[in-house]
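Okay, so here's the structure we're looking at.
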Amino acid sequence: MTVRNRNNARNSIDRPVMVRIGEIIKQLRKSLTDVNPPTREGFIDAGSDLGLPADWITEKSLANIENGLNMPSLRTLYNLSIALQTDTTDLFVKISRAFLNDDKRKPTNGQTKQ
């Protein structure tokens, strides 16, 4: 399950982080060579072949995550790591960097962003 920000996701202060997370997920998905067809639907089916429940994620939810509209839950990230055939810890580290990069962009002590 993913959690949509209560504010309009397109105007959310979390939007840059969500976009970076989506880019990470999409890049890893597209780098898979054994998903046939190489589409979101094929990726979801391949996840089911790896032991995930048939309804582990919908195409719409995956698209919203990849497009930075939804923030994936921890359960979804865990399932994505299985489907992406990547170590869960490695995926979480990559995701955490999206947050760390965001912290560097936030102004401190009344300073403006550069």
Side-chain angles (χ1 to χ4, degrees):
M1 180 168 139
T2 56
V3 179
R4 179 159 283 194
N5 191 325
R6 284 195 173 138
N7 298 327
N8 182 342
R10 291 188 172 104
N11 297 324
S12 167
I13 60 170
D14 292 330
R15 176 88 168 125
V17 172
M18 291 167 42
V19 167
R20 284 194 295 280
I21 290 170
E23 289 169 350
I24 292 165
I25 301 299
K26 189 175 195 174
Q27 178 185 31
L28 290 170
R29 178 179 63 81
K30 289 191 170 216
S31 72
L32 293 173
T33 58
D34 59 346
V35 173
N36 194 14
T39 61
R40 288 185 181 116
E41 181 180 10
F43 171 72
I44 292 167
D45 291 343
S48 297
D49 294 343
L50 293 169
L52 293 170
D55 61 349
W56 72 275
I57 195 168
T58 65
E59 283 184 68
K60 178 78 172 170
S61 290
L62 181 58
N64 285 343
I65 291 168
E66 289 183 350
N67 292 319
L69 298 175
N70 283 9
M71 181 73 75
S73 68
L74 289 175
R75 168 63 71 192
T76 299
L77 286 173
Y78 176 75
N79 289 340
L80 282 167
S81 73
I82 293 169
L84 292 166
Q85 303 172 40
T86 189
D87 182 70
T88 304
T89 303
D90 291 342
L91 180 60
F92 278 51
V93 167
K94 289 177 183 177
I95 297 296
S96 69
R97 288 186 186 134
F99 287 94
L100 293 174
N101 289 340
D102 190 53
D103 289 342
K104 292 177 186 172
R105 296 177 184 206
K106 290 182 181 173
T108 57
N109 299 329
Q111 298 172 346
T112 58
K113 292 183 186 181
Q114 296 183 5

task = For residues L32 and A83, report the shortest heavy-atom separation together with the two atoms involved.
result =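 Closest heavy-atom pair between L32 and A83: CD1-O, 3.7 Å.
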
For E66 against K26, the heavy-atom pair lying closest together =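 Where E66 meets K26 most closely, the heavy atoms are OE2-CA, 3.7 Å.
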
inquiry  = Quick check on side chain to side chain contact (heavy atoms under 4.5 Å, CB included): which of I25, L52, L28, I95 does L80 satisfy it with?
reply    =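 Of the listed residues I25, L52, L28, I95, the side chain to side chain contact (heavy atoms under 4.5 Å, CB included) partner of L80 is I25.
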
Which residues satisfy the side-chain contact (heavy atoms from CB on, under 4.5 Å) test with [X], sequence neighbours excluded?
{"X": "P37", "result": "T39"}
{"X": "K60", "result": "T58, N64"}
{"X": "F92", "result": "L74, L77, T88"}
{"X": "D87", "result": "T89, D90"}

message = Less than 4.5 Å apart, side chain to side chain, heavy atoms only: is that true for M71 and I65?
response =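 Sidechains of I65 and M71: no contact.
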
message = Could you tell me if the side chain of R20 sits less than 4.5 Å from the side chain of R97, heavy atoms only?
response =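 Side chain of R97 against side chain of R20, heavy atoms only: no contact under 4.5 Å found.
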
message = Rounded to the nearest 0.5 Å, what separates atom OG in S96 from atom NZ in K94?
response =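 Nearest 0.5 Å value for the OG-NZ distance: 11.0 Å.
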
task = With side-chain contact (heavy atoms from CB on, under 4.5 Å) as the test, would you mind laying out the steps for N70 and M18 before giving the verdict?
result = CA-CA 7 Å; N70 283 9; M18 291 167 42; 5.6 Å; no

With a cut-off of 3.5 Å and sequence neighbours excluded, list every side-chain donor-acceptor pair involving residues 44-51.
residue, atom, partner, partner atom, Å
S48, OG, I44, O, 3.4

key: ring pair (Phe, Tyr, Trp, His ring centres under 6.0 Å) pairs, two or more places apart, involving residues 70-91   =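 Those involving residues 70-91 do not exist here.
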
